[in-house]
Amino acid sequence: MPELPEVEVTRISLAERLAGARVLAARAGKPLRWPLGCQVHSLAGLTVGLLARRGKYLWMPLEGPPARRGGLLWHLGMSGSLALVAGAQREHGSHDHFDLLTTAGMLRLTDPRRFGAVVWSSALDADPARRLLAKLGPEPFDPAVTAARLHAACRARRTSIKAALLSGELVVGAGNIYACEALFVAGIDPRLRCDRLSRVRVERLLAALRLILSRAIELGGTTLRDFRDAHGMAGAFQSEARVYGREGMACARCGSTIRRVVQQQRSTFFCPSCQTR
DNA sequence: CGGGACGCCTGTGAGC
DNA sequence: TGCTCACAGGCGTCCC
């Protein structure tokens, strides 16, 4: 589910509520992608700081005495979501794999496929957090990301532009939905080799990506099935998708039939007329 | 070294 | 109705 917009929507819906809250207890359910890396009871007594996002990860600082302080790095995987759970619903279900009971409510990670993770790290720039974030590209809204720099990065890669976007090494944040949608807006064939993109087309792609990601955040993300923000609200971007999931349907812009191809084991949707090589 | 396939895990919908 | 198969929002690891 969660690409950058869904993770950012989650962050926004949680940050103010949790800031300053005290951790009362924690509970781990079935194993997630990586082990937690600390004892659940060692989290009690720490104070939640301001939630931050890096790529599709959330960083939750946990303040306390120097020997105990650190934070939790969260990832929602394919099917994860975070919710502030009301008191009456504290009984956990079979897909609820991590609970953080705080003075501001209970934060619960629900993740049927368990590709997500919650990992303790003593600091964001210490392992294991440092290692997990080490290969991430720059944030798409970072002003330091310019068309010129993105173009230079593109010229060094021979894979398809779709695969390059998904890798998160050019810029982080685009997953399968937003990579497809941004390439549609930019009018670029997803099969085009990264190093063949002209400077002007890279400029259009960067603008399209920023437009799509910011619009998705405004709309509360995309809810295909599971995604909810921390208050249980579904996103609405799915109704603005122009190509993703629309194989065989008419392109809203030109009427051509939307196609699906497979690139690196992932579906890619595109309009064969609007998107060119 | 870059690039692509694999595997992790569970649920769902389509087709027979 | 019940079975099997394809596919699903991510990403670290392995192999060529």
Side-chain angles (χ1 to χ4, degrees), chain A residues 1-10 29-35 37 53-58 73-82 93-98 109-119 127-137 153-183 190-196 209 212-213 216-217 219-229 234-241 243-248 260-269:
Chain A
M1 137 188 42
E3 305 181 32
L4 183 149
E6 289 73 31
V7 178
E8 180 64 9
V9 164
T10 299
K30 286 189 192 172
L32 293 161
R33 176 157 199 163
W34 299 298
R53 181 189 56 73
R54 176 74 178 95
K56 299 172 192 172
Y57 289 87
L58 287 175
L73 192 67
W74 304 70
H75 197 289
L76 302 179
M78 285 279 261
S79 56
S81 57
L82 283 169
S94 59
H95 298 316
D96 300 329
H97 303 305
F98 194 82
L109 175 67
T110 302
D111 184 5
R113 292 178 73 179
R114 290 192 280 130
F115 292 167
V118 187
V119 176
D127 284 339
R130 190 196 55 81
R131 183 168 37 79
L132 289 170
L133 304 178
K135 292 201 307 185
L136 298 186
C154 283
R155 276 181 302 197
R157 310 184 123 263
R158 302 164 69 83
T159 188
S160 69
I161 183 59
K162 163 71 170 356
L165 280 178
L166 276 192
S167 79
E169 290 167 11
L170 297 177
V171 282
V172 293
N176 212 25
I177 298 175
Y178 302 115
C180 290
E181 295 299 319
L183 286 165
R191 301 165 298 181
L192 183 61
R193 259 175 55 161
C194 202
D195 59 356
R196 301 256 176 87
L209 187 62
I212 288 291
L213 294 177
I217 293 167
L219 290 177
T222 295
T223 298
L224 295 182
R225 166 163 303 143
D226 314 303
F227 178 71
R228 296 286 188 277
D229 75 7
F237 183 85
Q238 62 279 6
S239 64
E240 292 198 5
V243 288
Y244 184 85
R246 301 181 64 82
E247 182 187 16
R260 182 180 83 97
V261 294
V262 175
Q263 294 179 286
Q264 305 191 311
Q265 324 292 88
R266 313 291 304 276
S267 289
T268 297
F269 300 90

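Chain letters run A, B, ... following the sequence lines, proteins first, then strands; residues in each count from 1.
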Whole Å only: how far is the [atom1] atom of [X] from the [atom2] atom of [N]?
X	N	atom1	atom2	result
L132(A)	dG10(C)	CG	C1'	13 Å
E169(A)	dG10(C)	CD	P	15 Å
L166(A)	dC6(B)	CG	C1'	16 Å
L76(A)	dA8(C)	CG	C1'	16 Å
D226(A)	dG10(C)	CG	P	13 Å

Worksheet entry | Consecutive Watson-Crick or G-U pairs in runs of at least 3, all under 3.5 Å, in which DNA chain B is involved |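 The stems are B:2-8 with C:10-16, B:10-16 with C:2-8.
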
Extract all donor-acceptor atom pairs below 3.5 Å that involve side chains of residues 170-178 of chain A and protein atoms in other chains or at least two apart in sequence.
from	atom 1	to	atom 2	distance (Å)
N176(A)	OD1	K162(A)	NZ	2.8
N176(A)	ND2	S267(A)	O	2.9
Y178(A)	OH	E6(A)	OE2	2.5
Y178(A)	OH	T222(A)	OG1	2.7

Worksheet entry | Side-chain N,O (K135(A)) to OP1/OP2 (dG12(C)) below 4.0 Å |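 Looking at the OP1 and OP2 atoms of dG12(C), neither is under 4.0 Å from any side-chain N or O of K135(A).
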
Worksheet item: Are any non-hydrogen side-chain atoms of T10(A) and F227(A) less than 4.5 angstrom apart?
Response: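 Touching, per the 4.5 Å side-chain cut-off.
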
Practice prompt. Considering only atom P, compute the distance from dC3(C) to dC9(B) and round it to an integer number of Å.
Written response: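 Here dC3(C) and dC9(B) have their P atoms 24 Å from each other.
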
Discussion item. When the P atoms of dC1(B) and dC11(C) are compared, how many Å lie between them, rounded to an integer?
Written reply: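 Per the computed distance, 23 Å lies between those P atoms.
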
Worksheet item: Does E247(A) have any side chain to side chain donor-acceptor pair (under 3.5 Å) partners at least two apart in sequence or in another chain, and if so, which?
Response: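 Testing E247(A) for side chain to side chain donor-acceptor pair (under 3.5 Å), a comparison that skips the adjacent residues, returns none.
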
Enumerate the protein-to-nucleotides 1-3 of chain B contacts in which both atoms are nitrogen or oxygen and the separation is below 3.5 Å.
from	atom 1	to	atom 2	distance (Å)
dG3(B)	OP1	R158(A)	N	2.5
dG3(B)	OP1	T159(A)	N	3.3

Worksheet item: Nucleotide by nucleotide, 5' to 3', does protein get under 4.0 Å of the base (B), only the sugar-phosphate (S), or neither (-) in nucleotides 8-16 of chain B, counting heavy atoms?
Response: BBBSS----

Worksheet item: So among D111(A), L109(A), T110(A), which one has a side chain to side chain contact (heavy atoms under 4.5 Å, CB included) with L76(A)?
Response: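 The option that passes is L109(A).
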
Measure from the side-chain N and O atoms of [X] to the backbone N and O of [Y], and report whether any donor-acceptor pair falls under 3.5 Å.
X	Y	value
E3(A)	K56(A)	no
Q264(A)	L166(A)	no
T223(A)	G235(A)	yes

Worksheet entry | Partners meeting side-chain contact (heavy atoms from CB on, under 4.5 Å) with S167(A) (sequence neighbours left out) |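 With neighbours one apart ignored, the set is R157(A), E169(A).
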
Worksheet entry | Given DNA chain C, 5'-ward residue of the pair F269(A) and R131(A), judged by closest heavy atom |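 In this pair, the answer is F269(A).
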
Discussion item. Taking any heavy-atom pair under 4.0 Å as a contact, classify R260(A): base, sugar-phosphate, or nothing.
Written reply: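 The answer is sugar-phosphate, as R260(A) gets under 4.0 Å only of primed atoms, P, OP1 or OP2.
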
